[in-house]
Amino acid sequence: MTAPSTPPHPPEPAAHRYDAQRAARIETAWQDRWAREGTFVTPNPGEPNFDPSKPKFYCLDMFPYPSGAGLHVGHPEGYTATDIICRYKRMRGFNVLHPMGWDAFGLPAEQYAIQTGVHPAKTTRQAIETFRRQLQRFGFSYDWSREFATIDPDYYKWTQWIFLRLYHSWYDRAADRARPIADLVGALERGDLAITPSGDLVPASHAPASLLGEPVGVRLWHELSQDERRAFLDRQRLAFVGEQTVNWCPRLGTVLANEEVIDGRSERGGHPVHRRALKQWMLRITAYAERLARDAAGLDWPESTRTMQIEWIGRSEGAEIDFPLHGRDGSIRVYTTRPDTIFGASFMVVAPEHPLVDEILAGPGEADADVEAIGRYVAAARARADVDRMADAKEKTGVFSGLHALNPATGTPIPVWIADYVLMGYGHGAIMAVPAHDERDLAFAERFGLPIRDVVYSRTALAMRHFALHAPEPLRAEGRWIVALADFLGLVTTESIEPPGFGRAMATIASRRADEPDPTTCHIDPATYATELPGAAGADGTGGRRGVTRLTWLDAIETLGFTSFDDLAERFLAAGFHRAAHGAFEATGFAANSSSDQLSIDGLRTPEAKEAVIAWLERVGLGRRRVNFKLRDWLFSRQRYWGEPFPIAFDARGHHHPIDDAALPVLLPDLADFRPPESDDPAPMLAAARDWLHTTAAEAPVSTLPPESPLRREANTMPNWAGSCWYYLRFCDPHNSAAFASPEALAYWMGSTGIDLYIGGSEHAVLHLLYARFWHKVLFDLGLVPCPEPAARLFHQGMITSYAYQRSDKSLVPADAVDEPSPGRFVERATGEPVVQTIAKMSKTLKNVINPDDVIAEYGADTMRLYEMYMGPLDASKPWNPRDIVGCHRFLQKVWRLLIDEQTGTPRPPASAADPAVERALHRLIAKVGPDIERLAFNTAIAAMMEFIKTPGGGGGGGGGAGGAEGLTRDQAERFVLVLAPFAPHLAEELWSKLGHDRTLAFEPWPAFDPAMLRESTVELAVQVMGKVRGHITVPADADHASVERAALAEPRVRELIEGKTVRKVVVVPGKLVNIVAG
RNA sequence: GCCGGAGUGGCGAAAUGGCAGACGCGACGGAUUCAAAAUCCGUUCUGGGUGAAACCAGGUGUGGGUUCAAGUCCCUCCUCCGGCACCA
């Protein structure tokens, strides 16, 4: 430090420069002040300071799971976006609800506890502290007074309470909504409803006709025993106990997700995993399948997310059909979307898990069943997880069951096979196989030599068949038939002749002389006949010589490979066209080969054929129309410690009872050891808390039972999703102890459309967002929330990636071990070997993780916020480039220098008169930034601000160290600061205060702009000749079409180019350009 | 395999069918400075052309199409990213 010999330094030229240290001082000071003054504490309706005249804006971030690793640069991306919107909306006069909390139950904390023995509550609380500290350093305008975590007993009390609402509700199909189960009991007691033997509810007034024409055992409530009543009601509940097959790993003592099981062994440790059926709580989300799919279509959500949800729900329309077993009692029920192909069902396939398979294995065995082979196949198939079964789906496997079923349409016995390409989880775990019209069935049929029959043809194929079966003798002649067929197909397609007209068309062809050219010759679009006849030449569009129909069809016929007329006829007679031509025909068309003495659908189009088959099935009682969904009920039990306990206890007979509402929450018992015990039997973790587990009706309490009744608590816990399903509701009224939120708070903040803007990652596109919608709809049905959907507008921020470096052998080099000796060339420091720069997710192993704390230390929070928003479009994934941040920091420095004297730290003297150019630029800026914020286009808003600050003091070269504050008046400076405020709130507050204001700018009105100021008196237009810019003209902004045209044509360069040409057309686009078409 | 999304300078990117590359980074040149940092100014798609300009030609993954006009709309193919995967 001491250097007496050096000459004295001149005074530090910029004692008051905006740098990281100053940014840190400004930022923490303002954060303290906002906290101290409660600037962003938002009152609820009815509370002091609440202004009911303002509209509301509820803006929510997906709350984070606070991991021990702390905040990641991905987190603040979405949070900065919502913060900008919220600050903007406050300035636009909205009451803004902008809360933050913690999704804190979950596996990582539990696994950490297993390793270290530290209680998850402790590690989770520490992680929350870290997260809160890190978030607050960004200066986000959250109302921290509303903060909570899902692990707070005061919160999960209400999670349990909502679970009990599901438990106490049923889905009323007639009303198409959930209702309290007490209503159902009432209706049953009054005798309004009765119960069919299959457990369905029907109005007692009209007992339904039997499916099989036999009398039906519809029963009334009073005819049921206590146990029957209980069993019936339990089957109706939205929360019910069901049996699910799970992956149980005895060694780890836990259930594993499919993705954690690899080749029948656990991913962690490689221990054996068994498929075990387990009784668990399920939530009946399937009851809402229709509404969840329908309502998804109307939301302002990303198209991709809506599509994913709709496909996940997977609605399909079809029929449920019973195939009676041949030679024994019983039937196999299948679901099909193509009942019209029933005549082509030449075998059946049941899943290895199908109940019938157990019967076969248990029974004496059918005459031709190889029970041993079946046993082996089934055991092998069941051991494999669904994922693995699907992985090698190409090669079909299966085994004959020894049984036959009767195809109800043809009356023919067809074999029943067992194969794992049929899944128990969808439909009824059994299919009717129609190999001519389903690729999978075809592959299976070919593998095992099963019959394949066409029952649907495209119109062209049908015409071909008509020709094969009905062509008059002369047309069949060697040498003639191909041309005749080509002409016939040409005529049918070009004239769009429907099947009833085939006879007449044939007569037309037959009446021609053999050598006569085809009079229908005309253009044919290859795509048209490609869709009509897949597999034909030209189906890919290449062979379609535009032009001659006959040639086209000759090509097509040749590709199909018929060698003679007899060959053609034979293929159709054997109903084997599709297989020979191109594999399974899965499209719609016309039914064929589909007649019996009971039913004929030949010639019907697919939709009508479906209707006819369904009508017939319903008439004879062998099937019915059915809408099916891929969506399955939600498995809601976890054999974990760190989750919400269920408010349920079981009595000695195993019947479940709800804990009294008034006694909630059921607290999570303390455990000392979080290691799951090794066990062959799946056992939930909480069973280890023996004192807690065993209780009585008085203690639990369950007031519907005698007080001394012994009870065993439900020892499973709820899944991670439970807490995140409704947190947005609690934020409306987080400290309410009488309700999960007051109706008034919900009515105000949720309104009729819910959250106004919800931002979070697209990885939650299906599960969280679908589960939350489901809970919301249940609460809506029960009258507990005012709107049918949780969020009107949803947006997914993109992922922030980072650079990673690959050696030539593709192995990865940590980012901090790489040098860039020259631009674009990267070498590994240790070896000097060149490496390739790639873009990858941030991960510890790549050592390319950016820590927000470090970035803030280097540049300040305002700079980091600005950079994250400036990187690119919010929804795009984009790489973090440390080199680019400095641009945003310099921008803030320039803003500072524009208004503050760096020598003294005091405001620079403002311009005394407004420069009209600056004023116009400011209006343009205001006009751009507002709408850009509304559409979340922060990158372009920031670019506009950067552009603006170049205006004042620019032009005239007032540059140099002096900057150019003399270019801005006080009023202009203030308006600019307000525009900047949502993006860099700390700096803006500091400037605002230095400009002489003592109150926060958070509620200052957003500056207005005058549209008249956006208009220039003259505009420069580009002049194009034939679409190429050849010059520019300057015309009055309000110049009319004719004068603009005149000016353009008078432009010397234009005159030169159109010399000797005729001006055919002049296009004038006002304010943009003129295009002269000459030739 | 299927369904999404995306391919634009050296890099991040911008562009209601209307002058491609705004804005930022980097690079290069200059000013300031004893010097540096910082700051300020200028240049920066490619090729041709010029002392410098003007100007000319080409250019938004590929090939076609629609249009007075295409990064943008339509079709083909290629590549990358994300999701789903025998759903009867």
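Computed from heavy atoms alone, side chains included, the values below leave out hydrogens, waters and symmetry copies. Numbered from 1 within each chain, the chains take letters A, B, ... in sequence-line order.
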Touch class at under 4.0 angstrom, heavy-atom based, for [X] against every strand present:
X          : answer
Lys630(A)  : base
Lys894(A)  : sugar-phosphate
Arg890(A)  : sugar-phosphate
Asp884(A)  : base
Ser762(A)  : nothing
Asp875(A)  : nothing
Tyr803(A)  : sugar-phosphate
Gln1024(A) : base

What is the base-pairing partner of [N], counting Watson-Crick and G-U wobble geometry with both distances under 3.5 Å?
N      : result
C55(B) : G48(B)
G9(B)  : none
A70(B) : none
C34(B) : none
U16(B) : none

Would you say [X] reaches [N]'s phosphate, i.e. side-chain N/O to OP1/OP2 under 4.0 Å?
X          : N      : value
Ser877(A)  : A6(B)  : no
Lys950(A)  : C23(B) : yes
Gln893(A)  : U39(B) : yes
Arg883(A)  : A27(B) : no
Arg1030(A) : C55(B) : no

Requested in this report: Return yes if the base of C87(B) and the side-chain atoms of Tyr335(A) contain a donor-acceptor N/O pair under 3.5 Å, otherwise no.
Outcome: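 By the distance-only test, no, there is no pair.
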
**Report entry** Exam field: side chain Arg447(A) to backbone Lys396(A), donor-acceptor pair closer than 3.5 Å
**Finding:**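 Pair found, side chain donor or acceptor close to backbone of Lys396(A).
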
Query raised in the report: Rounded to the nearest 0.5 Å, how far apart are CD1 of Ile1076(A) and CD of Glu1045(A)?
Result: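 Ile1076(A) atom CD1 to Glu1045(A) atom CD measures 8.0 Å (nearest 0.5 Å).
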
Report task. Look at atom CZ of Arg1053(A) and say whether more than 12 heavy atoms of other residues, nucleotides or ligands are closer to it than 6.0 Å. Result ->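 Enclosed: over 12 neighbouring heavy atoms sit under 6.0 Å from CZ of Arg1053(A).
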
Report task. Tell me whether the centres of the aromatic rings in Phe347(A) and Trp417(A) are closer together than 6.0 Å. Result ->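 Distance test on ring centres: not under 6.0 Å, no.
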
